[in-house]
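For reference, positions follow the sequence shown, starting with 1. Remember, it's 1-based here, ligands and their atoms both numbered in the order they're listed. These figures come from a predicted structure and were not determined experimentally.
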Amino acid sequence: MEIILAKSAGYCFGVNNAIDSVEKAIKNFKNTNIYTLGPIIHNPQVIKKLVSKGVKSINDLTEVNEGVVVIRSHGVGEKIIREAEKLGFNIINATCPYVKSIQQKAKEHYKNGYQIIIVGNENHPEVIGINGWCDSEALIIGEKNKVPNLKKYDKICVVAQTTITEDFFNDVTKEIKDQNSNVIVFNTICNATRERQEETKNIASKVNCMIIVGGYHSSNTQKLVIISKKYCKNTFHIESKKDIDIDSMNKFKKIGISAGASTPNWIIKEVIQLMENQLNDNEEEQKEVHESYEETFKSFRRGNIVKGKVLSVTENELFINIGYKSDGIIEKKEYTKDLNDDLTKIVKVEDEVEAIILDLNDGSGYVKLSKLRVDNKKAMQEIVNVFNEKRTVEGKIIKSVKGGLIVDIGFTEVFMPASQYHFKFVKDLNTLVGEEVKGKIIEYDKKKNKIIFSQKIILEEEEKNRREQELKTKKEFIDSLDVNQNVTGKIKTIMKYGVFIEIGSLDGFVHISDLSWGKVKHPSEVVKEGETVEAVVTNIDKDNFKIKLSIKDLTEDPWTNFRKDFSVNDEVDVEITNILPFGGFAQIIPHVEGLIHISELSHEKVNKVDDVIKVGDSVKVKIIGIDEENKKISLSIKESLPPIVKEIEENITVYKEDVNNTLGDLFGDLFKDD
Ligand code: F3S
């Protein structure tokens, strides 16, 4: 057997409020008589309990002299309230705010010349009470009396008893409008009633049996019975579990349960428990039903967090269905921090909202809610989490304040001192507004309400990671290199003494002397910045990440070639490359030059070198000396020429070889190291 319980079953907001008022009165007025003007609700079981606590129900104020009088949720006419005040009763007005609102509509429109029509039961205390706010001059149209001729009225205002059926109200208003065009209609059927009726209809249409729990005299319960019977012929109206004929229930596979607005939860629970225990053998199903009614009876108290869907929204407030007897209301200041916001722009009907209950009655019958406080609560929890987990969060700088910046990190706003923004100093913090940042909460003190956000800590971490990564990459790179390995890179910097080449993640250095086998006065003669070159690794200093390279070592040493092809006494054609006072330099092969000392230019005495040779001249010379160690070559033009035959004067020494002469004696400092 399956049991379906209506979520809307049980006390409505107004009834709950009235019962609460009586309970409070019992607590607050210990030695005072407490009366309710008429039964507080149409439920004998509840009334019995209250009587046991000393609460008496009276029908008229004349019945008693003093004490506390609680006006029930149905309300009373204005005159009765004034009279009670006059008689000095302590009045607790527990009229349902929805009903109060109808009373005010009736009063106001009556004052403005409208004929008031109340669609409802003329004997119902709520209807009598509403009528009492328009001098009991209202026309009352119920199920038993037809709509009278209304043509004589200039203007008509129609209101509804809160618990009548929607269909009936629509039928009546249509008839009224057909007769008179000047009609204002207020559909004041309580939403809780509407929902309860709708849900009862839905459940009744899909079960085999329907049980409606509620006082036999309760108008709204009776309406539920009528609706249910339309859709389920096996509808039973009971006041409590005692009224259930449990044996006759056995034949039903699916049983629906709904209850009137004045039925306390404990009576509904008793009914369900009886049905479960007697009819359901299946433990799973029992559990399901149990969970379902626990959900239905979930408490709606101040401080509870509830969820609901937006029913309607205005610029300054929104209304949400929270699955309670009354809808919730959220004022703008309880929804957003920015009071310039227009709620219609930021909230849509059907949006889901989570909010905390501030008050079960905001004075107009709505449950007063705050989304902002839930957001704040969540934000504080999230701050604790972010702080404890040292989590990085992103945000946007929304304004600058004294000493720092306010950053919106999505769920809340936090303070970032100027010193925590960056390593760099920022003169005008206003220039940072709008900038996206990321950071961590580095300080959180709930007691002092102190939250410090820092971007700098992230930048420092990033910088540290970057350095570590860079070091790792450099290390991997340098470890991958070997001496004599060829590398390719771009000329990054040219200095007087050499060049730096970017190779992989490091720079290698080529000394000017390693650029070319030839003489290089400045590296820019050989390479250009940005040019891609090849070089060979000549030295690696792994500790200091220094790499020495050579470009010239990519080619063979011209000296080697020279030595392969030339020897002393070889005659060779050379080109004069440089003239100096003591001789001229001549290129033998590319990058190999020899010196023709002034004394070797001619057999004749030569005063000036350029009297004999000029830069660019091609001359034949003889190799007269090779200094292997210092890679220096002595050349002679003179020796390549035929000797001059001269008549030698007797006893005159023309030439005497001095065996102790050295190359230094001959060439001075020319062949000394630079
Ligand atoms: Fe009020 Fe609606 Fe209940 S009018 S008393 S909340 S049924």
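In this structure, Lys174 pairs ionically with Asp178, as a charged nitrogen and a carboxylate oxygen lie closer than 4.0 Å.
Between Asn43 and Tyr11, the side chains place no donor N or O within less than 3.5 Å of an acceptor N or O (distance only, hydrogens not considered). Side-chain atoms of Thr336 and Asp338 form no donor-acceptor pair, as typed in the model, at a separation below 3.5 Å.
Taking every non-hydrogen atom of Thr193 and a distance limit under 4.0 Å, the qualifying atoms of ligand 1 come out as 7 (S). Residue-ligand proximity, Cys190 to ligand 1, at heavy-atom distances under 4.0 Å covers atoms 2 (Fe), 4 (S), 6 (S), 7 (S). Heavy-atom proximity to Cys96, at under 4.0 Å, picks out these atoms of ligand 1: 1 (Fe), 4 (S), 5 (S), 6 (S). Each of the following atoms of ligand 1 lies closer than 4.0 Å to a heavy atom of Thr162: 4 (S).
For a distance bound of 2.8 Å, the N, O or S atoms of Cys12 include one lying that close to atom 3 (Fe) of ligand 1.
A donor-acceptor pair under 3.5 Å is formed between the side chain of Asn112 and the backbone N or O of Glu108.
Interatomic distance, Tyr231 OH to Thr200 OG1, rounded to the nearest 0.5 Å: 11.0 Å.
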